[in-house]
Structures are given as structure tokens and as C-alpha cells.
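The next block holds one structure in the form of C-alpha cells; read it before the comments.
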Amino acid sequence: MTEILAPAVSPAPEPASQAAAVGASFEQLPLSPALQSTLLQLEYRTMTPIQAASLPLALAGHDLIAQAKTGSGKTAAFALTLLTNLNPRHFAVQAMVLCPTRELAEQVTQEIRRLARFEGNIKVLALCGGSPLRLQASSLEHGAHVVVGTPGRIMDHLERNNLSLAALNTLVLDEADRMLDMGFHDDIVHVAKRCPANRQTLLFSATYPDGIARLAQQFLRQPREVKLPERHDDSKIRQRFYEVKHEERLAAVATLLRHYRPVSTLAFCNTKQQCRDLLDVLHAEGFHALTLNGDLEQRERDQVLIQFANRSCSVLVATDVAARGLDIAQLEAVINVDVTPDPEIYIHRIGRTGRVDAGGWALSLCSPADKRRVATIAAMLGNEPEWHTLGALQSGNREALVPPMVTLQILGGRKDKIRPGDVLGALTGEAGFTREQIGKITITEQSTYVAVARDIAREAFRKLSAGKVKGKAVKVRAINVSN
Ligand code: ADP
Ligand code: MG
């Protein structure tokens, strides 16, 4: 893994042959005249930054890991590549796109169809749950050039020999981070193994958690990396400093949480002892808070991270060491319980909240003795620290902050061949819940964790316990964030 091109954030020189300039037109790309006319017709006049960074590499045949925020035009980046690799006169599946959900697969299918409009008769087929396997199988028999689907449904077709990948030249993983969140890791690896070895693989993701690199290592070949990290967009992180007496700082965290009411907050402490103390204070005040520390067993650590990432825990209290490698896409606030002496660490901490579309809060508590540290940090960031007082917040909202989701644990996981679709199916099928009421589904070796909206938690628990997942009765328990 080599190149890191970030035209949106760095004016650093790039090899002209590999990266197109931001705002450059598609005309300089080696695209067919048909695709060029489609782009004109769609009024795609200039490339978005991720397109400018990734298309020259992808069209040159490289494997790719591309990370850019939602709405940045990733679909066209891989769609133009797979359409370029495709021979319309050859009636066989030449490209496959894996997506986390049916809705996304359908959107991607539409976008590929739009872009393929002038390319002759190209058949793009969506293969997802919700429509009968048999119908899809007969569509496959009639021939498709491109298939777009969820890993589970693609596996089903592979198992039934409905889908041949012998002629495949392009494999795309779209929203890879979400697919990992939803427990599709093993399915993706399985599907990738069934593809011809000499294919091109493109991985697209909005965030870059550890799991992505591990996934990529398994089946991408010398991938180029193109990252447009949002965290450099400081304008999206609103920083505020609060001066407090040393002994007031733990209670001050609760005041901040009640005032700002972030759904997910990462609270950084400098020591493990401070983590424990803060957790006690937050629990006493009724918050759903958890901590990460080195004393946890792997399974406990997983459970903490799962509950935090799926929004059934409001606050995660951690030291910098414990939070290493943590990548949570939706983090509304970071609270620095202490100002760190190291400006680099400060910048790293607050960068975690800059990925929320609405912008994130970076709130720092600072004792009078720490004020000099804040001056150093501000000098390094080149901005004036914004000081605020806690007094102004105290009279505010006293209502408890409650996380929107509750985690249900199903005793049964990968070893029982449970897949996300099985759980989603059980909840949205007979149980009658909507897709919107169901959050993240995480599958580990032994267990499956599903986040459900708090107001349906009891009923979902009851229906899951009484019903079946993958044709079998399952044991379910609700995980209560201790408080
Ligand atoms: P992402 O997958 O990164 O979240 P999408 O691929 O869904 O983003 O693109 C977001 C929107 O931008 C879509 O409506 C798409 O049609 C539009 N779009 C993509 N590329 C361009 C472009 N070069 N110029 C104008 N609009 C574009
Ligand atoms: Mg997308």
C-alpha cells in the first residue's frame, strides 16, 4: 500500500500522470466517447475531489482503497471504471459491486444504469433480499453484465450456482466500513475468493477503521490508497474551552453533556484512575457511560465498542492509549477532561469528531494551571481559543441524556452461520418492525448484537426470544449499559 493523494487538503505535488487536478474536467480521462457524452448530458462538468484522485489510478488498472465522505461522488468513480473495463458484446457478469443494504444497492444500480446509457445494451442487475431468489436466478440466466448486491444474497446465488464469476474483471466493495459494521466480513472474503485472481478490486469507504486495512490485505493487490480525510476540515470542529477548578472537573463533564446533549461522546482522561472516577460520577448522575481500559478481556472490550458504536451508550471514557485504533463514524462530541500537554495529541483527539455532517464539538476542561497549555495548542492551530464559562450552562437542561438505541445480544454468531440478513429478516419480517427501527448489527464468533430503537426494545426482545432466527429458536438478552 503506497500512495496517499489528498488533493482536497494538501497542495503537495502529485505525479501529473496519476492524479488529476481538483475541478478538472472528465475530458482528460481515457473514457469512451459514449461515456463522455453521458457525463455531459448528466451535467457532470468537473470531477469531484475523490473522482480526480481515484479515476486516473483506477482507469490505469490499479487496485484501490478510496476513502471520502458521503456524498462525494464515489459511485461514479467506480461505475466509470467498471464500465470502461466492460465488453458489452460479451454476455457474462464482468463486474460485481457489493453494498451493505438493499437501498444502497438499488441506488448504485440506478447510477450505473444512468452512466451506461450510451454504452450500448448493458444489463445491470440488483441482487438483494426482498425479491425472490428464483426471479433473480432467471434474470441471471438471461445474462447480466454487472451485478450489484448485498453479500448475503450474492452468497446465496453462488451457493446455488446461479451466478458465474468466471468472466469477472472488476470487483467493487462500496461502503466497506458499513459492510464491516454489519458483520459482512466473512461473507465478503468468501465472495472475493470466488472471483478470478486477475481481476481489479476497488474498495470504497466513508471512514477508515482498522478493519478496512485488514480486509484489504486479504485480497487487494498492491492497492493504491486515496484518502480525503475529513478530519482535516477544522471548520467542522467547534472548539470551546471551559475554565474549572481542578476538583470540579468531573461534575463539569456531566454539565457539558446535559447542555450539549450529544448522542455519542468520547471523554478523554489522562489516567486510568481518572477514567474510573469519571465513570462513577457519570453513573451516579444517570448517564449511560462505559469505559475502555487495558484490564478488560477481549470479549468485554468488543461489547463496549459495539454498544458505543451502535449508539446504545452515550459516553465512552478512555485514555489515549485505550482509544487507539478506535474509529467511530458518528461522534458528536469529544470532551477533554484534562488538557493534554501535547498539542499533537489534542489535535488527534478532536479530529475524531470532525466527521459528523453537522460538525462536532470539542469541549475542553481546563484548570487555571493548564491555561498555558491551551495557549500552546492555539498557537499551533493558528487560532484564538474560545473561552466559555460553565456558569452559563448550569441552569440548563436537567433531563437525563438517554441513548437512542438498546443493544440486544443473541447467543449465537458466526459459528452458527448467522448473518446480518437473518437478524434483520427476523425483526422486519414476522416481528413487523421497520428497517429504520433497527440499527447496527454486529456478529462475532459466539454472539450477534443488534441495536434497536429504545422504544421498541422490550417488544423486540420478546419477539426475538419467541421467534426464530435462521429457522432456529435463539436465546436473547438485553445488554444494559450499567448505571
Ligand atoms: P458517495 O457514494 O460518495 O456518498 P454519490 O456517488 O452517491 O456519493 O454522489 C453524490 C451525488 O453527487 C449524486 O447525486 C451524484 O449524481 C452526484 N455527482 C457525482 N459525481 C458528480 C460530478 N462529477 N458532478 C456533479 N455531480 C456529481
Ligand atoms: Mg456511496
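Counting from 1, the numbers follow the sequence of the chain as shown. Remember, it's 1-based here, ligands and their atoms both numbered in the order they're listed.
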Under 4.0 Å between a Lys/Arg side-chain N and an Asp/Glu carboxylate O for [X] and [Y]?
| X | Y | result |
| --- | --- | --- |
| Asp186 | Arg414 | yes |
| Arg117 | Glu119 | no |
| Asp156 | Arg419 | yes |
| Arg349 | Asp320 | yes |
| Glu445 | Lys415 | no |

Pocket residues around ligand 1 (non-hydrogen, under 4.0 Å) come out as Phe26, Tyr44, Thr46, Thr48, Gln51, Lys69, Thr70, Gly71, Ser72, Gly73, Lys74, Thr75, Glu111

Does Leu163 offer a backbone N or O that forms a donor-acceptor pair with the side chain of His157 under 3.5 Å?
no

